[in-house]
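Okay, structure first, notes after.
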Amino acid sequence: MQLKVFKFGGASVKDAEGFINVGRILKKFSEDKIVIVVSATGKTTNALEELVKSYYDNDGKKASLLEQIKLNHISLIQQLFPVSNDVMDDINDTFVEIEWILEDSPHEDYDYTYDQIVSIGELLSSKILSHYLNYLNIANEWLDVRNVILTDNTFRDARIQWDTTQKNAVAKILPLLDKVNHVVTQGFIGSTSENFTTTLGREGSDYTAAILSFCLDADSMHIWKDVPGVLTGDPRIFDEVIKLPRLSYKEAIEMTYYGAKVIHPKTIKPLQNKQIPLYVRPFLEPGSEGTVISDEKELSYPPVIVIEPDQTLLHISTNDFSFVAEHHLSMIFALLAKYRLKVNMMRNTAISFTVCVNNIPDRIRKFEKELGTEFKMVTDNDLELVTIRHFNEDVLKDMKKNKLILFEEKLQDTVQMVVRNLPKMKRKELQ
Ligand code: ADP
Ligand code: ASP
Ligand code: MG
């Protein structure tokens with residue numbers, strides 16, 4: 001059986017027009033066996049995050065925040081369906097789950113509660129999509145992916161228990177695909193062995209699609225996007241970007257590891273292990289192949305720029321100005337791992353050790369606290385990490401304009417810099 005896995009992100013289902021377009025795409029593939037993984041609509045995950053924060057802050061806004069999320073979904077349903085459709089009951093039942101949580105006082109573990117509430121976004125969108133496909137006579141089965149994807153209990157960043165997930169996927173998804181051609185399910189979420197919902201980290205729906213592709217030995221995976229494919233830079237930042245028609249798994253892993261927002265970094269490896277090609281395709285042009293990521297070997301690439309904003313440098317030194325020695329470093333790394341602070345760049349000098357991490361203030365605060373009095377830590381905020389793959393001198397010069405370079409490292413085909421953007425200096429008018 002040929003099997004495809006499709007993933008539609010929040011941008012593809014941000015409004016009724018988006019759902020209509022998904023229906024249009026799936027009509028073209030009605031003969032194919034497809035597992036469809038869908039994210040929460042548009043900015044729903046951000047809105048649910050705000051709701052969790054408001055619940056914990058007890059700022060009196062939780063009811064109105066929830067109401068707005070409800071209204072958005074109701075309006076979507078009203079635009080997609082004729083007057084009576086049982087989708088509304090299904091959606092109302094899903095909201096009741098959040099209402100129950102919000103009635104109680106907050107659980108001591110913020111991340112646990114976050115996952116129970118934020119995961120609702122994907123349940124809502126997948127239910128709406130499944131009902132909508134039925135309405136279009138595209139037969140499908142809705143699947144609760146929490147019955148398939150088993151994780152540990154690292155809430156907000158759960159790790160997959162691969163063996164059980166694989167068994168579940170085969171036992172629960174393949175029989176559905178014997179009945180109908182399309183299975184609709186959620187990205188981003190999973191479940192612990194005690195049946196608590198977990199999430200896989202922001203933007204994790206791509207990863208879900210890769211997990212399912214791996215476990216089901218899919219023939220190909222397709223991510224439908226609001227861009228023509230993988231581009232040489234983020235089109236929101238750069239004007240002159242071009243599409244990369246083909247990429248190797250290795251190149252895609254490098255790009256996403258350094259922060260290219262187009263695919264979640266954990267997505268590629270499971271696909272590479274089983275040699276499953278990944279197509280990053282434009283949802284507005286379903287005929288186009290977009291970018292094909294596969295086991296290509298000898299491709300040459302133009303310069304590719306990846307910008308990771310909101311970086312912080314942590315300068316760590318010993319309080320008695322002794323050297324930062326190996327035993328200090330091993331302790332520092334253990335703490336970085338404990339607080340899940342990913343090291344984007346680092347440098348060790350005689351009396352200080354500097355790391356560049358994503359600015360996640362509460363984790364950095366806890367990390368600093370646990371470093372203790374033996375160390376002194378100074379932070380530098382509002383920085384960017386610029387990575388240029390396959391650089392040339394012109395691109396490098398251009399990228400350094402109006403920037404203060406705090407760190408720079410050149411490898412064979414990659415330059416990385418931690419930079420501060422300088423305000424453009426304006427010449428004073430002469431009197
Ligand atoms: P989705 O909701 O489908 O997951 P996202 O908004 O998360 O979509 O990701 C798509 C966006 O990624 C694009 O709109 C684009 O602005 C951005 N992006 C960043 N880097 C790249 C790149 N190298 N190539 C293509 N798109 C990129
Ligand atoms: N809805 C989740 C998020 O916005 C997961 C995803 O879209 O991939 O992060
Ligand atoms: Mg996304």
Side-chain angles (χ1 to χ4, degrees), residues 6-15 18-19 21-22 25 36-50 52 69 114-115 117-126 129 145 149 156-158 185-190 197-212 221-245 247 251-267 278-284 288 290-291 293 301-309 386-390:
F6 279 11
K7 180 258 175 176
F8 293 97
S12 312
V13 289
K14 70 175 193 303
D15 50 21
F19 278 84
N21 191 49
V22 172
I25 292 175
I36 300 155
V37 173
V38 69
S39 300
T41 63
K43 300 273 175 251
T44 299
T45 305
N46 292 359
L48 288 163
E49 279 189 343
E50 261 186 71
V52 178
I69 298 170
Y114 174 103
D115 281 2
I117 293 180
V118 171
S119 54
I120 301 285
E122 268 67 16
L123 293 170
L124 293 167
S125 61
S126 61
L129 181 60
V145 86
I149 295 187
R156 288 182 82 170
D157 192 17
T185 196
Q186 311 77 45
F188 182 51
I189 68 177
T197 303
T198 50
T199 64
L200 311 181
R202 286 302 306 266
E203 302 296 328
S205 296
D206 297 341
Y207 185 37
T208 305
I211 296 164
L212 297 179
M221 171 171 151
H222 306 244
I223 299 183
W224 297 89
K225 285 260 160 202
D226 61 350
V227 279
V230 179
L231 307 168
T232 50
D234 188 337
R236 289 171 296 196
I237 305 176
F238 299 105
D239 284 330
E240 289 168 14
V241 289
I242 53 168
K243 184 183 91 173
L244 297 156
L247 275 181
E251 189 61 33
I253 288 173
E254 298 273 358
M255 277 180 76
T256 54
Y257 176 80
Y258 292 128
K261 294 287 174 282
V262 62
I263 313 167
H264 187 282
K266 288 183 182 169
T267 309
L278 168 61
Y279 295 82
V280 180
R281 309 174 66 161
F283 64 66
L284 289 178
S288 158
T291 296
I293 302 171
Y301 300 98
V304 171
I305 302 171
V306 181
I307 308 263
E308 182 84 285
V386 179
T387 305
I388 313 170
R389 301 268 302 150
H390 318 290

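We count ligands from 1, going down the list as the structure has it; atoms in each ligand are counted the same way. Since this is a predicted model, take the numbers as computed values, not measurements.
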When rounded to the nearest 0.5 angstrom, what is the spacing between [atom1] in [X] and [atom2] in [Y]?
X	Y	atom1	atom2	answer
Leu244	Leu231	CG	CG	7.0 Å
Met255	Thr387	CE	OG1	10.5 Å
Tyr114	Glu49	OH	CD	3.5 Å
Trp224	Ser12	CH2	OG	9.5 Å
Tyr301	Glu254	OH	CD	10.5 Å

From CA spacing to verdict: side chain to side chain donor-acceptor pair (under 3.5 Å), Asp115, Thr199: CA-CA 6 Å; Asp115 281 2; Thr199 64; 2.7 Å; yes

Side chains of [X] and [Y]: does their closest heavy-atom pair fall under 4.5 Å?
X	Y	answer
Ile25	Phe8	yes
Thr44	Ser125	no
His264	Arg202	no

Polar contact flag, side-chain donor to acceptor under 3.5 angstrom, Thr208-Ser205: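 No - no donor-acceptor pair under 3.5 Å links their side chains.
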
Is there any protein N/O under 3.5 Å from an N/O of ligand 1, and what does the full list of such pairs look like?
| unit_1 | atom_1 | unit_2 | atom_2 | d |
| --- | --- | --- | --- | --- |
| ligand 1 | 2 (O) | Gly10 | N | 3.1 |
| ligand 1 | 2 (O) | Ala11 | N | 2.9 |
| ligand 1 | 3 (O) | Lys225 | NZ | 3.4 |
| ligand 1 | 4 (O) | Lys7 | NZ | 3.1 |
| ligand 1 | 4 (O) | Lys225 | NZ | 3.3 |
| ligand 1 | 7 (O) | Glu203 | OE1 | 3.0 |
| ligand 1 | 8 (O) | Lys225 | NZ | 3.1 |
| ligand 1 | 9 (O) | Lys225 | NZ | 3.0 |
| ligand 1 | 14 (O) | Asp226 | OD1 | 2.8 |
| ligand 1 | 14 (O) | Asp226 | OD2 | 3.1 |
| ligand 1 | 16 (O) | Asp234 | OD1 | 3.1 |
| ligand 1 | 16 (O) | Arg236 | NE | 3.0 |
| ligand 1 | 23 (N) | Leu231 | O | 3.0 |
| ligand 1 | 24 (N) | Leu231 | N | 2.9 |

Minimum heavy-atom distance Leu48-Gly121, with the two atoms named: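 Closest heavy-atom pair between Leu48 and Gly121: CD1-N, 3.5 Å.
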
Heavy-atom closest pair, residues Lys243 and Pro245: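 In this case the closest contact between Lys243 and Pro245 is O-CD, 3.3 Å.
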
The Mg ion (ligand 3): protein N, O or S atoms [distance under 2.8 Å]: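 Those protein N, O or S atoms (cut-off: under 2.8 Å from the Mg ion (ligand 3)) are Glu203 OE1.
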
Within the 4.0 Å heavy-atom sphere of ligand 2, strictly under, residues: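 The 4.0 Å shell around ligand 2 contains Ser39, Ala40, Thr45, Glu122, Phe188, Arg202, Glu203, Gly204, Ser205.
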
Partner set under salt bridge (charged side-chain N to carboxylate O under 4.0 Å, His left out) for Lys43, not counting sequence neighbours: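 Salt bridge (charged side-chain N to carboxylate O under 4.0 Å, His left out) list for Lys43, sorted by chain: empty.
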
